[in-house]
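Notes for the one structure printed next.
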There are 2 protein chains.
Amino acid sequence: MDAAIACFRKRGFHQATMAEICAEAGISAGALYRYFASKAEIIGAIAEDSRGESDEAFLRAAEEHGIIEAMCLACRGFMQKFADGDGSLIADIFAEAIRDDSVSTPLRATDAQSVKVFTKAMKAAQERGEVDPSLDAEMTVNTLFAALEGIGLRRAFLRDTDPDAALLQFRALAERYLSPRHE
Amino acid sequence: MDAAIACFRKRGFHQATMAEICAEAGISAGALYRYFASKAEIIGAIAEDSRGESDEAFLRAAEEHGIIEAMCLACRGFMQKFADGDGSLIADIFAEAIRDDSVSTPLRATDAQSVKVFTKAMKAAQERGEVDPSLDAEMTVNTLFAALEGIGLRRAFLRDTDPDAALLQFRALAERYLSPRHE
DNA sequence: ACCTGAACACCGTTCAAGT
DNA sequence: ACCTGAACACCGTTCAAGT
């Protein structure tokens, strides 16, 4: 069933119709509503499972190549979605999540989990002297997440979704933001 | 007529109906379509005139209090929109602009104008030694815009739209990002 | 010329009827 | 028990008829 969700990728959340999703999934409208209470709930389900799976991979990368490289890895995966044309879908998810608590609540839980994992890696990097220890680890992670999301959305808006350019942009920001002061 | 546009503020782009907008504006559906070719065009018009007017105020602030303070001023104005509950509307605008060229083209023109103004102020700040001169001024401005937008959206998503907290977050990022290296 | 508003096409959701 | 799909309520857009 979740495979039918791929409809949104092609047409966007508000453009895709329930009829199309039903056709793609090979089920009737009534059956679809047996699995999801509404269209908004479907977008919540999509957003949720496109997140979080990569957390272990991130932790390994953070240990091996440092937190900046690991964040760049996460950045690359995220930017690829914009390059694939999913930018407006991501913006739709934001809009629905901001508007509708029943969409945002499960997403916030997944997000909080990611923040936790990244914060742990951030603290480790601070102890190694890789990152300025005077930074608040959790706020720093939140800020970098926000910057990542902002860069992706803004580049999609400006019609320049080249992931390499986005990566360079993010890396330049992250390096300066995180580097210890005084040399 | 643009006053009727306030409907979106209350209900969001996809939630507000043309009938509501007509009622608020005191005109009929046919008359509304005389001024705007579609609903998407209305959101384009809203987004456009909520931008750009403050550019001169920004330039004055940049000269008087430095670029970081001036950017924080812009940040405050932007964050206030999220605190006012316009977050999902802003996300809708992003989604429509990413999806629809006829929405994004006028917005990109307005945006390019702002980037130009901020870039000029950034270069002046670099000459004053306030900002690291090795940074590319235009990319830096773009990155800070992206971060600003990202912070606003993310905070709205996390249900913490306190403008003061957002400002602190943005300022911490901007100061470290822009400060000259080696002390 | 410009506006009105009924009509049209379409979409998310429901529910009586089937299996 | 579960599914079907016609029906419902609603919304963006149009256009023949009015002024």
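Note that the structure is a prediction, hence the values are computed from the model and not measured. The basis for the numbers below is simple: all heavy atoms, side chains too, and nothing from hydrogens, waters or symmetry mates. So you know, we letter chains A, B, ... as the sequences are listed, proteins then strands, and number each from 1.
Nearest nucleotide to the A:Y35 side chain, out of D:dC3, C:dC11, C:dT4: D:dC3.
Between the CD1 atom of B:I21 and the P atom of D:dC10 there is a distance of 18 Å, given to the nearest Å. What separates CG of A:D100 from P of C:dG12 is a distance of 16 Å, to the nearest Å. For the pair A:H14 NE2 and D:dC10 P, the computed distance is 19 Å after rounding to whole Å. Between B:Q15 atom CD and D:dC10 atom C1' the separation is 13 Å, expressed in whole Å. Regarding A:L32, its CG atom lies at a distance of 15 Å from the C1' atom of D:dC2, rounded to whole Å. Summarising the geometry, the separation between CZ on A:F36 and P on C:dG12 is reported as 15 Å, rounded to the nearest angstrom. To the nearest angstrom, P of C:dC11 lies 7 Å from CD of A:E20.
Remark: B:E69 pairs with B:R171 by the salt bridge (charged side-chain N to carboxylate O under 4.0 Å, His left out) rule, at least two apart or across chains. In this view, B:D160 and B:R155 satisfy the salt bridge (charged side-chain N to carboxylate O under 4.0 Å, His left out) rule, not counting sequence neighbours. Residues that satisfy the salt bridge (charged side-chain N to carboxylate O under 4.0 Å, His left out) test with B:D86, not counting sequence neighbours, are B:R9. Annotation: side chain to side chain contact (heavy atoms under 4.5 Å, CB included) contacts of A:L168 (sequence neighbours excluded): none. The side chain to side chain contact (heavy atoms under 4.5 Å, CB included) test applied to B:A31 returns B:I27, B:S28, not counting sequence neighbours.
Of the residues in residues 85-93 of chain A, not one places a heavy atom less than 4.0 Å from an atom of DNA chain D.
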Sub-3.5 Å pairs of nitrogen or oxygen atoms, protein against nucleotides 13-19 of chain C:
residue	atom	partner	partner atom	Å
C:dT13	OP2	A:Y33	OH	2.3
C:dT13	OP2	A:K39	N	3.2
C:dT13	O5'	A:Y33	OH	2.8

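Residue pairs satisfying the ring-ring contact (aromatic ring centres under 6.0 Å, His included) criterion with at least one member in residues 98-148 of chain A, sequence neighbours excluded, are listed as follows: A:F58-A:F118, A:F118-A:F145. Residue pairs satisfying the ring-ring contact (aromatic ring centres under 6.0 Å, His included) criterion with at least one member in residues 9-32 of chain B, sequence neighbours excluded, are listed as follows: A:H14-B:H14, B:F8-B:F13. The list of side-chain hydrogen bond (donor to acceptor under 3.5 Å, both in side chains) pairs with a residue in residues 118-129 of chain A, not counting sequence neighbours, reads A:R128-A:E130. The ring-ring contact (aromatic ring centres under 6.0 Å, His included) pairs that include a residue from residues 65-112 of chain A are A:F78-A:F82, where partners are two or more places apart or lie in different chains.
Within 4.0 Å of A:T17, counting heavy atoms only, lie sugar-phosphate atoms of the nucleic acid but no base atom.
A donor and an acceptor atom, one from each side chain of B:R99 and B:S104, are nowhere located under 3.5 Å apart.
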Could you provide the dot-bracket string of DNA chain D, using ( ) for intrastrand pairs, [ ] for crossing pairs and | for bases paired to another strand, with Watson-Crick or G-U pairs below 3.5 Å?
||.|||||...|||||.||
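At least one donor-acceptor pair under 3.5 Å links the side chain of B:E41 to the backbone N or O of B:A37.
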